[in-house]
There are 2 protein chains.
Amino acid sequence: MKLLDIGEVAERSGVAASALRYYEEVGLITSIGRRGLRRQFGRETLLQLSLITMGKAAGFSLREIAGMFGKDGQPDLPRGQLHARADALEAQIRELTTLRDALRHVADCPAPSHLECPKFQKLLRAGTLTAKV
Amino acid sequence: MKLLDIGEVAERSGVAASALRYYEEVGLITSIGRRGLRRQFGRETLLQLSLITMGKAAGFSLREIAGMFGKDGQPDLPRGQLHARADALEAQIRELTTLRDALRHVADCPAPSHLECPKFQKLLRAGTLTAKV
DNA sequence: CCTTGACCTCAAGCTGGCTTTAATTGGCAG
DNA sequence: CTGCCAATTAAAGCCAGCTTGAGGTCAAGG
């Protein structure tokens, strides 16, 4: 199995080498040896980085991501917790959808004041996070 | 129009008073006067905070949120840019959906190594962020 | 053999987004 | 009028997640 220098991993994953070192430091990924001083990474690291990047995009912290997948990319958590995560994600997806619709509404609605527009207010109230206005 | 003390805004919006002061400092919200020392907020602030909270949940920075809505909650941006935002959100929604599915897969799939599982890999590759593995 | 350039370590620094602390102010109930 | 208590300010502090810089190492190519 061909090993990868950190530079190659960086290039192929789009994650900066400094960030990769940081990820290793905090235990998110593992290098499987050195060539001289240089860390060598296995190919599976690229897949792990896909997961990490995706998790980050999803708004999870590195700790949370580590907790979801374990450093080898295998799940550490019991199924129930993984499902709970998935459900939380679904809630977030709904939030995002609301926001997207709100944005589109704002772009298209000719009303002078959006905060007054009933349609807009309804959109806002659709969000679970909405305050007691 | 009844004005609100910061404490009342904090309670009703779920945003800490210190955070509200911070938001005002960076221009995200505006108080419309003082009663003695105390800031007074209008009711529209609550709606603005809904937007802000939602935007944050969506992973936008405060700067970005400010740019989307302006401090009065009205859009600053031309329609095209708002639509572009909405489209970006949609992309993020797809990412999240992929992640959610990946999580569910991991929870349910009995395969010993998920990184090897073709179904899982396919899920990963569905994400736009996926590296050149 | 020598140079080069990619990598190394460690420490410090930075940005964002707040929170905390300390010392003060002032509206309002009694 | 008194005193309480919520609110005020400025400055410092904190966490995450990296990046940057200085100074060092070493494998490979010419």
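Below, chains carry the letters A, B, ... as their sequence lines are ordered, and counting in each starts from 1.
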Of A:R63 and A:S18, whose closest DNA chain D nucleotide lies nearer the 5' terminus?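 It is A:R63 whose nearest nucleotide is closer to the 5' end.
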
Using the closest heavy atom to pick a nucleotide of DNA chain D for each, name whichever of A:L37 or A:A17 lands nearer the 5' end.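 Closest to the 5' end, via its nearest nucleotide, is A:A17.
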
Among B:L99, B:L103, B:T97, find the one that has a side chain to side chain contact (heavy atoms under 4.5 Å, CB included) with B:D101.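 The residue from B:L99, B:L103, B:T97 that satisfies side chain to side chain contact (heavy atoms under 4.5 Å, CB included) with B:D101 turns out to be B:T97.
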
Between [X] and [Y], is there a side-chain N and carboxylate O pair less than 4.0 Å apart?
| X | Y | value |
| --- | --- | --- |
| A:R104 | B:D87 | yes |
| A:E8 | A:K2 | yes |
| B:E95 | A:K56 | no |

Whole angstrom value for the distance that separates [atom2] of [N] from [atom1] of [X]:
| X | N | atom1 | atom2 | result |
| --- | --- | --- | --- | --- |
| A:L4 | C:dA6 | CG | C1' | 15 Å |
| A:F60 | D:dA16 | CZ | P | 17 Å |
| B:D5 | D:dA6 | CG | C1' | 8 Å |
| A:E25 | C:dA11 | CD | C1' | 11 Å |
| A:I29 | D:dG17 | CD1 | P | 14 Å |
| A:Y22 | C:dG13 | OH | C1' | 14 Å |
| B:E64 | C:dG16 | CD | C1' | 12 Å |
| A:R34 | D:dT25 | CZ | P | 15 Å |

[X] side-chain N/O to [N] phosphate OP1/OP2 under 4.0 Å:
| X | N | result |
| --- | --- | --- |
| B:Y23 | C:dG17 | no |
| B:R35 | D:dA7 | no |
| A:R38 | D:dA27 | no |

Taking the nucleotide of DNA chain C with the nearest heavy atom to each, does A:F41 or B:A19 sit closer to the 5' end?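 Nearest-nucleotide comparison on DNA chain C picks A:F41.
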
At 4.0 Å (heavy atoms only), tell me whether A:A16 reaches a base, stays on the sugar-phosphate, or touches nothing.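 Sugar-phosphate contact only - A:A16 comes under 4.0 Å of backbone atoms but never of a base.
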
For B:R21, report the nucleic acid contact type (base, sugar-phosphate, nothing); a contact means any heavy atom under 4.0 Å.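 Since a base atom lies under 4.0 Å of B:R21, the category is base.
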
With the side chain of [X] defined as its heavy atoms from C-beta on, choose the nearest nucleotide among [options].
| X | options | answer |
| --- | --- | --- |
| A:L62 | C:dC7, D:dT8, D:dG17 | D:dG17 |
| A:K56 | D:dA7, D:dC18, C:dC18 | D:dC18 |
| B:R39 | D:dG17, C:dG17, D:dT8 | D:dT8 |

Say you draw a straight line from CD1 of A:I32 to CG of A:L4; how long is it, rounded to the nearest 0.5 Å?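 It comes to 8.5 Å.
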
